[in-house]
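Data block below; observations after.
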Amino acid sequence: MSNLISIKSATLSEDLAQQLTNAIVQGEIPQGSKISEPELAKQYGVSRGPLREAIVKLEGLGLVTRTANVGARVIQLNTQDMLDTFTMREALEGMAARLAASTMPAEEVSSLYDLLDKHQAYLDDNQDEHYLQQGGNDDFHLRIIHASGNAKLIRLLTEELYAVIRMYRRHTADQRSDPRQALREHRAILDAIANHEGDLAELLMRRHISRASHLLQQAMEQIALVSP
């Protein structure tokens with residue numbers, strides 16, 4: 001019986017961590033806000049035990065920081081942290097693209113071309129509105145990461161960086177421009193992977209993320225100028 005309770009508790013804390021992650025990324029729990037365990041336990045209808053486990057998971061994802069005598073708070077986004085994060089992302093995802101050029105099965109390549117066609121159709125039907133809210137861009141990148149076949153690389157990107165990356169991109173979604181350029185870059189990366197050109201795939205992925213970092217920096221600086 002104790003094992004069953006433990007499994008249920010673990011599943012609950014994981015589900016709760018995912019819900020809290022989405023709430024932070026979407027801005028429903030604001031940047032810099034203090035984590036109130038009593039309020040969150042009441043809001044989500046859970047006991048304090050699974051909630052504390054979920055908060056520990058959020059700390060591991062880099063979404064929450066804990067200070068002695070202060071408690072846990074949601075991180076406050078800043079330009080230097082974004083640049084540091086995207087510098088790591090550029091190197092790691094470039095490596096993932098290079099590895100994927102050797103390991104990605106033909107059916108997955110075909111599936112990713114279908115995904116990019118759906119992104120193209122979405123832009124055509126929605127006046128070039130960003131498809132970030134639909135999760136499409138994340139799907140493209142994450143599928144390349146998983147196709148790398150490198151377990152440590154996958155863990156670093158998906159468990160330690162991507163929640164914060166999603167948060168930065170959501171924060172600046174209204175300021176970023178030209179989703180068709182991003183889509184063209186995605187197609188070029190996929191073409192290189194499909195042709196087993198690992199060096200080219202890495203180069204194009206690194207350029208793609210470097211450009212995204214530059215645009216995010218501009219967007220964050222613009223937000224800072226207009227913020228009270």
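Remark: Asp84 engages no residue in a salt bridge (Lys or Arg N to Asp or Glu O under 4.0 Å) (not counting sequence neighbours).
Remark: the backbone N or O of Leu83 is paired with a side-chain donor or acceptor of Thr87 at under 3.5 angstrom. Between the side chain of Ser33 and the backbone N or O of Ile29 there is no donor-acceptor pair closer than 3.5 Å. No donor-acceptor pair closer than 3.5 Å links the side chain of Ser110 to the backbone N or O of Ala106. Within the 3.5 Å criterion, the main-chain N or O of Ile209 finds no donor-acceptor partner in the side chain of Glu90. Without hydrogens or angle criteria, Arg98 side chain to Asp199 main chain gives no donor-acceptor distance under 3.5 Å. Using modelled atom types, no side-chain atom of His196 and backbone atom of Ser102 make a donor-acceptor pair closer than 3.5 Å. Side-chain atoms of Tyr168 come within 3.5 Å of backbone N or O of Asn78 as a donor-acceptor pair. Using a distance-only test at 3.5 Å, with no hydrogens or angles considered, no donor-acceptor pair links the side chain of Asn195 to the main chain of Glu197. No side-chain donor-acceptor contact under 3.5 Å links Ser111 to the backbone of Glu107. When atom types are taken as modelled, the side chain of Thr103 and the backbone of Ala147 share a donor-acceptor pair closer than 3.5 angstrom.
Proximity of Leu161 to Leu156: side-chain heavy atoms (C-beta onward) are nowhere separated by under 4.5 Å. The shortest distance between side-chain heavy atoms of Leu51 and Leu20 falls below 4.5 Å. Counting heavy atoms from C-beta on, the side chains of Ile189 and His208 come closer than 4.5 Å. Here the side chains of Ile145 and Met95 are not in contact, with every heavy-atom distance at 4.5 Å or above. The shortest distance between side-chain heavy atoms of Met167 and Ile24 falls below 4.5 Å. Side chains of Leu112 and Met104 form a contact here, defined as non-hydrogen atoms less than 4.5 Å apart. Using a 4.5 Å heavy-atom threshold, the side chains of Val74 and Leu63 count as separate. Using a 4.5 Å heavy-atom threshold, the side chains of Ile55 and Glu37 count as touching.
A distance below 6.0 Å separates the ring centres of His141 and His186.
Of the N and O atoms on the side chains of Tyr113 and Asp191, at least one donor lies less than 3.5 Å from an acceptor on the other residue. When only modelled atom types and interatomic distance are considered, Glu39 and Gln43 share no side-chain donor-acceptor pair under 3.5 Å.
Val56 and Val46 sit in two unconnected hydrophobic clusters of ILVMFWY residues. Membership requires side-chain heavy atoms under 4.5 Å apart, directly or through other members.
Taking every heavy atom of both residues into account, Arg73 and Gly32 meet most closely at NH1-O, 3.0 Å. Shortest non-hydrogen contact noted between Ala17 and Lys57 is CB-CD, 3.7 Å.
Looking at Arg89 and Glu93, a side-chain N of the basic residue comes within less than 4.0 Å of a carboxylate O on the acidic one, giving a salt bridge. With respect to the salt-bridge test (charged N to carboxylate O, under 4.0 angstrom), the residues Lys118 and Asp125 do not qualify.
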*Gln218 and His214: side-chain contact (heavy atoms from CB on, under 4.5 Å), yes or no, with the steps?*
CA-CA 6 Å; Gln218 290 181 324; His214 180 66; 3.4 Å; yes

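Counting heavy-atom neighbours within 6.0 Å of Arg207 CZ, excluding the residue itself, gives a total of 12 or less.
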